[in-house]
J.: 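If you scroll down you'll find the structure; I have some questions about it.
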2 protein chains.
Amino acid sequence: MNDSPADSRTRLLDAALKVIRTRGYSATRIDDICAEAALSKGSFFHHFASKEALAVEAARHWSAVTDAFFAAAPYHQSADPLERVLGYIDFRRSILSGLVPEFTCLVGTMVQETYDSSPAIRDACEASISGHAATVARDIELARAKYAPNAPWTAESLALHTQAVLQGAFILAKARGNARVAEESVDHLKRYVELLFHPTNPKEH
Amino acid sequence: MNDSPADSRTRLLDAALKVIRTRGYSATRIDDICAEAALSKGSFFHHFASKEALAVEAARHWSAVTDAFFAAAPYHQSADPLERVLGYIDFRRSILSGLVPEFTCLVGTMVQETYDSSPAIRDACEASISGHAATVARDIELARAKYAPNAPWTAESLALHTQAVLQGAFILAKARGNARVAEESVDHLKRYVELLFHPTNPKEH
DNA sequence: GGCACCATACCGACCGGTTGGTATGGAAGT
DNA sequence: ACTTCCATACCAACCGGTCGGTATGGTGCC
């Protein structure tokens with residue numbers, strides 16, 4: 001566990017995120033990851049027992065990286081929970097720029113390919129998605145208690161719905177080759193949340 | 001192009017749909033498809049020039065199969081376009097039963113794996129998704145003209161949003177191992193559409 | 001300091017099963 | 001005879017994983 005400028009294990013994990021996000025899990029070769037990390041196969045198998053074990057660790061690494069990323073995002077500063085929820089959605093929308101593999105989700109991609117073949121990877125992906133949804137659900141629950149205590153939906157299900165919209169938006173972006181469609185879908189999501197919390201304030205509707 | 005009880009080419013395409021939906025594109029082996037279709041590799045390469053060519057044809061076949069499936073669905077019988085739109089969503093929700101590979105989307109799965117490596121497959125998947133969205137958009141546009149002519153969103157973007165929700169719901173279902181989450185997300189989608197068209201009818205909100 | 005010993009980290013050649021694709025030939029219809 | 005359709009046999013490249021070996025550095029003993 002030496003930690004030089006960039007730990008070899010971390011370099012391999014970062015390389016895995018990048019390569020898997022662009023090519024998908026099955027199509028990425030261990031050699032591709034090694035090349036991206038500028039390390040050898042010997043090093044790879046020193047740190048990971050198998051390709052599958054790497055995938056599980058990559059999902060965990062993804063969670064750690066994204067948790068830190070969202071924890072540092074500005075929307076947490078709002079005092080009002082609903083503003084934080086809407087701020088989260090705005091933030092998600094704002095990062096839909098740049099190249100497709102840079103804003104899409106590792107675990108959403110991986111679970112599509114592995115849900116039937118690798119329970120270990122599937123569970124790691126599920127934990128990543130649900131973990132992130134749970135952090136969103138906390139603010140949603142606060143907003144719900146404050147503004148819509150009798151709402152017929154749960155904070156958890158709305159949080160998962162936000163993730164579904166995002167995951168689906170990524171698919172559309174990949175199919176279209178750009179993020180415009182994804183942005184529009186997130187716009188619909190934001191309008192939905194606004195309507196849920198301000199049903200009597202139609203704006204234009 | 002003979003069409004016996006079950007055309008070999010069609011059998012291969014149907015087999016491809018099934019196998020790719022469960023294992024993903026990269027992980028499915030041509031031999032798996034042949035085995036599923038009870039045909040040989042010789043037959044496969046008689047009908048398809050390559051694995052990539054099969055994928056393109058599979059996407060088109062998927063479009064044809066799903067087009068027929070949705071065209072025959074009962075929701076088209078409503079005279080009111082908004083009822084047809086809501087009926088479409090109800091119908092999409094109702095088919096979220098059975099095993100995961102039986103209700104998920106072939107092209108949504110494939111495009112995640114191929115958007116960067118195969119423009120031909122990506123384009124075929126894009127055409128399939130957009131084509132289906134366009135049929136949904138027709139009823140949405142009619143409903144919009146009738147009930148919400150000044151709405152600040154386009155029928156096309158709302159139709160694409162429905163597809164995003166569904167695609168994302170499939171990912172969550174794969175991660176969870178069952179369709180419950182997907183149903184809940186489609187419930188949110190339906191509530192959104194109802195709110196868009198009946199903003200002054202709060203029910204409970 | 002110098003030495004023996006050992007653990008971690010890493011390299012890259014190599015192995016063997018897998019896999020996309022090819023070659024060839026045969027059966028059946030026309 | 002010619003085409004269509006499909007099966008068997010086969011090939012060469014690929015790829016996950018193995019293995020022998022090297023480099024580095026820490027620890028304890030003298």
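Proteins get letters first, then strands, A, B, ... in listed order; numbering begins at 1 in each.
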J.: Nearest to the side chain of B:Ile30, which nucleotide is it out of C:dC10, C:dG20, D:dG17?
T.: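 Nearest nucleotide to the side chain: C:dG20.
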J.: In this structure, how many angstroms lie between the P atom of D:dG16 and the CZ atom of A:Phe48, rounded?
T.: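 Distance check: A:Phe48 CZ to D:dG16 P gives 15 Å.
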J.: Tell me the interatomic distance from A:Phe44, atom CZ, to D:dC19, atom P, rounded to whole angstroms.
T.: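 In whole Å, D:dC19 P lies 17 Å from A:Phe44 CZ.
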J.: Does either side chain, that of A:Asp80 or that of A:Tyr147, offer a donor lying less than 3.5 Å from an acceptor on the other one?
T.: yes
J.: B:His47 has an atom NE2; how far is it from atom C1' of C:dG21, in whole Å?
T.: 16 Å
J.: Considering every strand and a 4.0 Å limit on heavy-atom distances, what is the contact class for B:Ser26: base, sugar-phosphate, or nothing?
T.: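 Here B:Ser26 touches no strand at all.
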J.: If you take atom types as modelled and just measure distance, does the side chain of A:Lys41 reach the base of D:dG16 with a donor-acceptor pair under 3.5 Å?
T.: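 Per atom types, the contact qualifies.
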J.: Compute the centroid of each ring, for A:Phe91 and then for A:Phe69, and state whether the two points are separated by less than 6.0 Å.
T.: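 Aromatic pair counts; centres sit under 6.0 Å.
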J.: Check whether any side-chain nitrogen or oxygen of A:Ser50 sits under 4.0 Å from OP1 or OP2 of D:dG16, and answer yes or no.
T.: no
J.: Starting from the C-alpha separation in whole Å, work towards a yes-or-no answer on ring pair (Phe, Tyr, Trp, His ring centres under 6.0 Å) for B:Trp153 and B:Phe197.
T.: CA-CA 12 Å; B:Trp153 40 267; B:Phe197 283 100; 5.6 Å; yes
J.: Can you tell me the distance, in whole Å, between the CG atom of B:Leu12 and the C1' atom of C:dG20?
T.: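 Answer to the nearest Å: 15 Å.
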J.: Where the side chain of B:Arg29 is concerned, which of D:dC6, C:dG21, C:dG20 is the nearest nucleotide?
T.: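 Of the candidates, C:dG20 comes closest.
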J.: B:Val19 and side-chain contact (heavy atoms from CB on, under 4.5 Å): which single residue from B:Thr28, B:Asp14, B:Ile30 fits?
T.: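 It is B:Thr28; the other options fail the test.
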J.: Can you figure out which of D:dA7, C:dG12, D:dT4 approaches the side chain of B:His46 most closely?
T.: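 Between D:dA7, C:dG12, D:dT4, the one nearest the side chain of B:His46 would be D:dT4.
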J.: Can A:Arg144 and A:Glu141 be counted as an ion pair, charged N to O under 4.0 angstrom?
T.: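 Result for this pair is yes, salt bridge flagged.
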J.: From CZ of A:Phe45 over to C1' of D:dC15, roughly how many Å is that when rounded to an integer?
T.: 9 Å
J.: Between D:dT8, C:dC11, C:dG20, which nucleotide has the shortest distance from any of its atoms to the side chain of B:Lys51?
T.: C:dG20
J.: Of the nucleotides D:dA7, C:dC10, D:dG16, which one has an atom closest to the side chain of B:Leu39?
T.: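 Taking heavy atoms from C-beta onward, the closest nucleotide is D:dA7.
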J.: Between atom CZ in A:Arg9 and atom C1' in C:dC10, what is the gap in whole Å?
T.: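 The distance from CZ of A:Arg9 to C1' of C:dC10 comes to 16 Å, rounded to the nearest Å.
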